Structure formats: structure tokens, C-alpha cells
Amino acid sequence: MDKIYNIYQILYKNYGAQGWWPFINYDKTNNGYHKLNYSFPRNKNEVFEVCLGSILTQNTTFKSVVKSLQNLNDLNCLNSKAIESMDIEALKEAIRPSGYFNQKARYILEFIKFFHNLNGTIPNREELLKVVGIGKETADSILLYGYNKPQFVVDAYTRRVLIELSIINQKAKYKDIKELMQNSLKNIIKDEKELVILYQEYHALIVEHSKKFYSKKPYGEGCFLKEDI
DNA sequence: AACCAGGACGTGA
DNA sequence: TCACGTCATGGT
């Protein structure tokens, strides 16, 4: 009955649990993914790793981000304190594979100031958005995967799929799409922890599905969702 | 060789 | 508010 939840069920049936967010030092045989293990992030440093990855993955594949994170890890700099005291040129060199390394280096350093001022407390969306380099999607990504807060992450793929399925139109804005997803799902899954897991898996599934069917034009060619939705 | 990737920001209308 | 240019590397 509910299209949004129905799409999720079809995607999950086809691809299974995705286990976002991947962590550099966890299960390297599986590229850091942790399918069906929802105990992440397990400590403050892993929270920061999500934040860092969220910034680095802006308009880039996560594969490139992994290279950057690995570079930092090899330098023993995969933590906020170490990055803060790095030579900025060395930081840029480390994150170069993710692209936009000049502005992303700045964004990361700006975020680290903010992160340290939190003193371990949980940031809210408003204050995250005030940090230079943290836009709507990055903020939601940090909250959903870094802090396990029920904030649905809307990306270009989400928009593209929903437009192709005629569920939204081209002029739908970020907030519109986010509210559509959340309002549909929060009434079906009442438990907040379960809702967070649903949001995490759903966004990951959209990305996985879109890599196959919504990356090159014409978008949606061969997409099985079109048959069932 | 153009096009896209797990976007954000600054500018001018 | 909105459309558009800019940022940059890496893969197809």
C-alpha cells in the first residue's frame, strides 16, 4: 500500500543488508562494511570517521574516499587531533584522491574545531549546518550514520529514482523529499532504533540500486522497481 | 572524450 | 528564492 516502504522491501529483497557505514579498521576483507551488525560507531573516533567520510564523499565515490582514509590511517592520522596538527599540505595530499582537496581540507579543519567544542555531546542539525562545508545531505549523513539519529539522507540518486517512478516531480526540494520519506516510514516503524536502521539501510540500498540503473542515461533503464511500483 | 561520482558554496538576477 | 559556475580526482 505504501509505495515508499514497498520500494524498500523490494530493494532489501534484492540486495540484502548493506551495513553502512564502512570503517577502515574493521573487517578489511569486506571493505569495512558490517552487515547486520548495528553496533556502530563503537567509539568517539569512529564517530569522527563517519563525519570525515561524510565530508570527503561529497560528489565523489566512496571508493575514492577509502583511499584518502587509508592514506590518513597510514600516517597515523585517522583521528581529529592528529589531523588538526598535521601540516595542511600533507592533509591535502592525503585526501587528494577524493577530489576538491583544497576546499575539503578547509571543511575538515572547520569541522574539527566544531567537533572538539562538542566535548562528546551530540550536535543538532541546525548547528551542523552552520559549519562551513556541512550542507543538508552531509549533516543528515553525520546524524544518521555517526550518531544514529533518525534523519533520512536524501542524495542525487534518491531524487533521481523518485522522479523516474513519478513519485515526486523535478521541483521537489531536499526538505520535501526528506519529509516524504520520513513521514511514510515513521508511521510504519514505531521503534526509533529500528527506524534508524531502516533509514540507514534504505539510503544505502538506493545507492546500491542506483549505481546499477541510475548512473547513466537514460536513467532507470532496466530498473525492476518500475514494474512493481 | 564526455560524463558522472554516496555536494556545498558564492554569485547575480 | 533560483539558476548557474566553481571546485578536482578517478573511473567508464
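In this text, all values refer to a predicted model and were calculated from it rather than measured experimentally. Residue numbers begin at 1 in each chain, while the letters A, B, ... track the order of the sequences.
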Between [N] atom [atom2] and [X] atom [atom1], what is the distance in whole Å?
{"X": "A:Arg159", "N": "B:dG6", "atom1": "CZ", "atom2": "P", "answer": "17 Å"}
{"X": "A:Glu208", "N": "B:dA5", "atom1": "CD", "atom2": "C1'", "answer": "14 Å"}
{"X": "A:Gln58", "N": "C:dG10", "atom1": "CD", "atom2": "C1'", "answer": "17 Å"}
{"X": "A:Leu56", "N": "C:dA8", "atom1": "CG", "atom2": "C1'", "answer": "13 Å"}
{"X": "A:Asp155", "N": "B:dA5", "atom1": "CG", "atom2": "P", "answer": "9 Å"}
{"X": "A:Glu93", "N": "C:dA8", "atom1": "CD", "atom2": "P", "answer": "13 Å"}
{"X": "A:Gln103", "N": "C:dG5", "atom1": "CD", "atom2": "P", "answer": "17 Å"}
{"X": "A:Leu128", "N": "B:dA8", "atom1": "CG", "atom2": "P", "answer": "12 Å"}

Can you confirm if the NZ or CZ of A:Arg160 lies within 45° of the ring axis of A:Tyr214 and under 6.0 Å from the centre of its six-membered ring? no
Any side-chain donor-acceptor pair under 3.5 Å between A:Asp140 and A:Tyr174? yes
Check: A:Ser64/A:Thr61 side-chain N/O donor and acceptor closer than 3.5 Å: yes
Return the nearest nucleotide to the side chain of [X]; candidates are [options].
{"X": "A:Asn59", "options": "B:dG6, B:dC9, B:dG7", "result": "B:dG7"}
{"X": "A:Thr61", "options": "C:dA8, C:dT9, B:dA5", "result": "B:dA5"}
{"X": "A:Tyr219", "options": "B:dC4, B:dG6, C:dG10", "result": "B:dC4"}
{"X": "A:Tyr100", "options": "C:dC7, B:dG6, B:dC9", "result": "C:dC7"}

Same hydrophobic cluster for [X] and [Y], using side-chain heavy-atom links shorter than 4.5 Å among ILVMFWY?
{"X": "A:Ile7", "Y": "A:Phe224", "result": "yes"}
{"X": "A:Ile83", "Y": "A:Val65", "result": "yes"}
{"X": "A:Tyr15", "Y": "A:Val207", "result": "yes"}
{"X": "A:Val131", "Y": "A:Ile88", "result": "yes"}

Between [X] and [N], does any side-chain N or O lie under 4.0 Å from OP1 or OP2?
{"X": "A:Asn102", "N": "C:dA8", "answer": "yes"}
{"X": "A:Lys67", "N": "C:dG11", "answer": "yes"}
{"X": "A:Arg160", "N": "B:dC4", "answer": "no"}
{"X": "A:Lys63", "N": "C:dT9", "answer": "no"}

If I pick the P atom on B:dG6 and the same atom on C:dC2, what distance separates them, to the nearest angstrom? 27 Å
Roughly how many Å apart are B:dC4 and C:dC4, using the P atom of each and rounding to a whole number? 16 Å
Within residues 10-26 of chain A: residues closer than 4.0 Å to DNA chain B (heavy atoms): A:Trp20, A:Trp21
Specify the residues of residues 133-152 of chain A, ordered by number, for which at least one heavy atom lies under 4.0 angstrom from an atom of DNA chain B. A:Gly133, A:Ile134, A:Gly135, A:Lys136, A:Glu137, A:Thr138
Does [X] reach a base, just sugar-phosphate, or nothing at all? Heavy atoms under 4.0 Å.
{"X": "A:Lys104", "result": "nothing"}
{"X": "A:Val131", "result": "sugar-phosphate"}
{"X": "A:Val132", "result": "sugar-phosphate"}

Ring centre gap for A:Phe152 and A:Tyr199 strictly below 6.0 Å: yes
Would you please indicate yes or no on a ring centroid separation below 6.0 angstrom for A:His209 and A:Phe213? yes
If you find the nucleotide of DNA chain C closest to A:Phe101 and the one closest to A:Lys173, which residue's nucleotide is nearer the 5' end? A:Lys173
Note: A:Lys130-A:Glu127 ion pair, threshold 4.0 Å (strictly below): no
Quick one: which of A:Tyr12, A:Tyr8, A:Trp20, A:Tyr38 gives a side-chain hydrogen bond (donor to acceptor under 3.5 Å, both in side chains) with A:Glu201? A:Tyr38
Side-chain donor/acceptor contact of A:Tyr157 with base of B:dG7 under 3.5 Å: no
Judged by nearest nucleotide, the residue sitting upstream toward the 5' end of DNA chain B, A:Leu129 or A:Tyr214, is A:Tyr214
